[in-house]
Amino acid sequence: MNLSPMVIAVIVIAVVAVLVLFWAIRTFNVLVRQRNQVRASWAQIDVQLKRRHDLVPNLVETVRGYAGHERGTLDAVVAARAGAMAAGVDPSIDRRAAAENALTQTLGRLFALAEAYPDLKANQNFLALQSELANTEDKIAYARQFYNTAVQALDNTAHSFPSLFVAGATGIKPPGYFQASGDEQAPVQVRF
Amino acid sequence: MPTNLAIAVAVAVLATAAWAGLYGLILLFTRSSAPSPAPATMDLGPEPPAVVNLLANRWTRPDEDAAEATLLDLAGRRFYEIRQPGDEPVHSTIHLPSSPPSDAGLLPFEQRLLSRIRAAAVGGVVPLTALTFRDAGQARGWRRRFDAEVVAHARRLGLSRRRISPAQIALLSVSALVPSVAIGFALALQIERTAAPEDKGGGWAAMVIAIVVLMFSFGLVAGRYRGERSTPAGREVAARWLGVRDWLAGHDAFADLPPAAVMVWDRYLGYGAAVHVAHAATAALDLGMGSKYLVWSSFGGEWHRVKVRYPRFFDRYGQRTAKLVKGGVARLVLGGMLVVLTRTLPDVAPAEIGPLDSSWGGNDISAVTSPTRLVAALLAALFIVWGLYRLVRAVVDHYTPVEITGEVLWIAVWRTASQGEDSPSVPWLHHYALDSGGSDRTVAWGLPSEWSSRSSPGDVVRISVRRWSRRVVALTVLREGARSLHGGFDTSDNTENLVLEALGERKSVPVAVRNQPATAVLTAEEVARAVGAQIKVREIGPINGLYETLDGKPVAMIQMQRGPMAKMWWAAAKRGTPVPGIGDEAFMSETGGALRKADAVVILVLHRGGRTAAPHLPWLLGQVATRL
């Protein structure tokens, strides 16, 4: 059967269009899967962060019983916790990360302060809370790793050619990484 | 076929099929299906990765990922560090810390793996790929014990149980009576039908024997270990871990993480390996058999890989000088015969040659121009030269041995000798690869098979070798390698027995003792002292040994047996004068002695040439007892 060049061209264009459509659908599905993985990973961080927020009041009260005059540090912890909880509804990952990192730093100062109070260090409740918090910090660290890995995967797909066209057209953008604060990344100063 | 026999055969077939059907039904109903995964979660549980692997495999048995997951998990718990120096994960190395955490809380299979790593380390470092075994028996045995300990722990936690319960085994064993009797009856009918009148009645005796043998066989099939089965608690735990699997599988990058990533991902990588998600990490790990062509060596204090070539082609390899000389002489004789043949071959007719130059002489030309004569002459020359070469080389080879010191890399069977149609071939020569430290390449030597058990891969040895025949003529173990110090791993026990041992419900004999050959319990020197002559010892299988004088006259034979067979031996061997204070019991007579200690029985038989050792029997038996 002899086909006219016009018909052949139409068939070729149609085949190409179908292939492009299949590719676009597949790429969209990959982006959606990766975006959902990012959201699920963030949800895990959220769970651990909330758990940490719940442990802080008990910890503050326990320390207050032994070092009540260390108001500056205790108030800083309470304020940092409030800030972190308020940032929990902020859609910006960077702002939320900053608030959580601030809480981490104040908790670090609180535990450093506890070193000067032997009775506090021997208190079973304090030790249990310290262990729970350390466990939670570890889980936050792992959850952060998973989250950043998921963001990286989405980032790679969304900015690679030619899938960036599908990402742009569908509005799928990778969020920011959950990064350590500037102070955590600074080199440790040692004095002799 | 008579009707009654046909009916009996049909009944036997039906009964066997029914029994097989019952067995199949039990297997079907005891199969563990995969539980529905719980929601994806990153929360890990308290179960170790190897047990998680068993659950993730639907309770069949732990696979090779179980050991690899445990290796990664121990790294995550900082018992050692994994470092990757370049781009290739397989080039990673394990570094033992100077102050590791306490081993106190380690489970038996974790301790087993950690011990293996520590034994292999040189200067606290071991390459990942150097953890492979160099002996198939050891690899198999280690793996079986590891798996048994994992299964035992899973049972201890209540997460797993034996797939076919003792009650089901009992049901199968008892019900096996039906097909056994049916088959035995059919057999008896057939025998009675075809037997001569004077032999009638033998079929019924055969029936009884057949029933016993068949019951035993059916019982073996029924009792064979078929893996594990889920428990309600196990299914719940497995569902949770499948949720973790789904969580880890959702992170595409996790599948590409190398083993060294455990320093960042901690225990997640080990659990990822256990649930078959950490593909790149497990691909870089291999705890089974290594390659015999590229072997890690620690000789010289540093790990390095050695390429080993295994010579195969020439028949002179591994041969004794006498045989090589015989071969040379045979070739010379053949060459000589060919020379004679050359002279007796018929001449070519002169007319076919044409006009001849008188300086040649007609007969000489006809002698060399015949093609057959030419070929024969060439062959004769070849065999003569070959024979002379072989003779000279064999003699030079015999008188110029070389001593080499190095680490044993690989020992494997090279050449075997046929023992006849109905007997398996017996190895007489082993490949013996040695790293002497001079190069990253080596060529294996030929080790007489009777010496193959004297050393193990990893040992540092000094050997005397003949270069041309590549035969090892003397072997001295200078230092045992860490692997052989770690004890033999080979076990022929079935998995259920190993699991019961790991649970502490069955007494175990240390594997190194179980694998002891008979000649290990009494040395040639001790027999020499008792006999008053120089003695050499020859192993005849694992349970027999022969002590001979240097000119080959047998002096004594030692036999050793363990387990249920030993009880039968003891019943026959315990006669003569009791000798108190040796083992659990000992007896001696003029022709030898026997002793029993724990589950081992040793019988020492004095041949005629060794009867002078009879007064020294109590001492000899005492020496044996100290080594059991």
Side-chain angles (χ1 to χ4, degrees), chain A residues 26-52 54-55 131-160 163 167 172 174-175 177-180 184-185, chain B residues 37-49 52 69 72-79 82 84 89 101 105 239-275 277-281:
Chain A
R26 185 185 159 280
T27 304
F28 176 70
N29 289 340
V30 168
L31 284 166
V32 165
R33 185 173 59 76
Q34 289 175 344
R35 183 187 59 186
N36 290 343
Q37 189 62 45
V38 168
R39 287 175 179 168
S41 302
W42 181 256
Q44 286 289 326
I45 296 178
D46 210 36
V47 162
Q48 302 305 329
L49 290 175
K50 286 195 168 103
R51 176 162 175 68
R52 186 167 74 154
D54 293 340
L55 288 171
S131 171
E132 277 290 332
L133 269 167
N135 195 19
T136 308
E137 292 287 349
D138 284 343
K139 289 188 178 175
I140 292 170
Y142 295 131
R144 194 162 73 184
Q145 266 178 243
F146 279 115
Y147 171 77
N148 287 338
T149 310
V151 168
Q152 183 188 21
L154 178 59
D155 202 6
N156 286 340
T157 308
H159 288 111
S160 296
S163 49
I172 295 178
Y177 291 95
F178 192 146
Q179 292 185 353
E184 286 175 24
Q185 291 171 345
Chain B
T41 175
M42 59 170 274
D43 288 332
L44 303 178
E47 296 82 17
V52 171
L72 291 169
D73 189 54
L74 291 174
R77 288 152 67 183
R78 304 296 185 257
F79 281 92
I82 300 179
Q84 181 178 324
R240 176 164 51 76
W241 281 107
L242 291 177
V244 174
R245 180 199 63 186
D246 292 345
W247 170 261
L248 295 175
H251 290 79
D252 298 336
F254 199 81
D256 299 328
L257 293 174
V262 71
M263 308 319 292
V264 172
W265 289 95
D266 264 9
R267 304 191 74 184
Y268 281 98
L269 196 62
Y271 283 106
V275 294
V277 168
H279 304 294

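Just so we're clear, the structure is a prediction, and the values are computed from it rather than from any experiment. Below, chains carry the letters A, B, ... as their sequence lines are ordered, and counting in each starts from 1.
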Heavy atoms of A/Y177 and A/D155 approach each other most closely as OH-OD2, 3.5 Å

Against chain B, label A/A43 side chain, backbone, both or neither, depending on which of its atoms sit under 4.5 Å from a heavy atom there. neither

Where does A/A143 contact chain B at under 4.5 Å (heavy atoms): side chain, backbone, both or neither? both

Chi angles and distances behind the salt bridge (Lys or Arg N to Asp or Glu O under 4.0 Å) call for A/K50, A/D46: CA-CA 6 Å; A/K50 286 195 168 103; A/D46 210 36; 2.8 Å; yes

Filter on salt bridge (charged side-chain N to carboxylate O under 4.0 Å, His left out), then keep only pairs touching residues 262-271 of chain B, sequence neighbours left out; what's left? B/D73-B/R267, B/R78-B/D266

Under 3.5 Å donor-acceptor, A/S163 side chain and A/T157 backbone: yes

Chain B contact via A/Q34 - which portion, at a heavy-atom distance below 4.5 Å: side chain

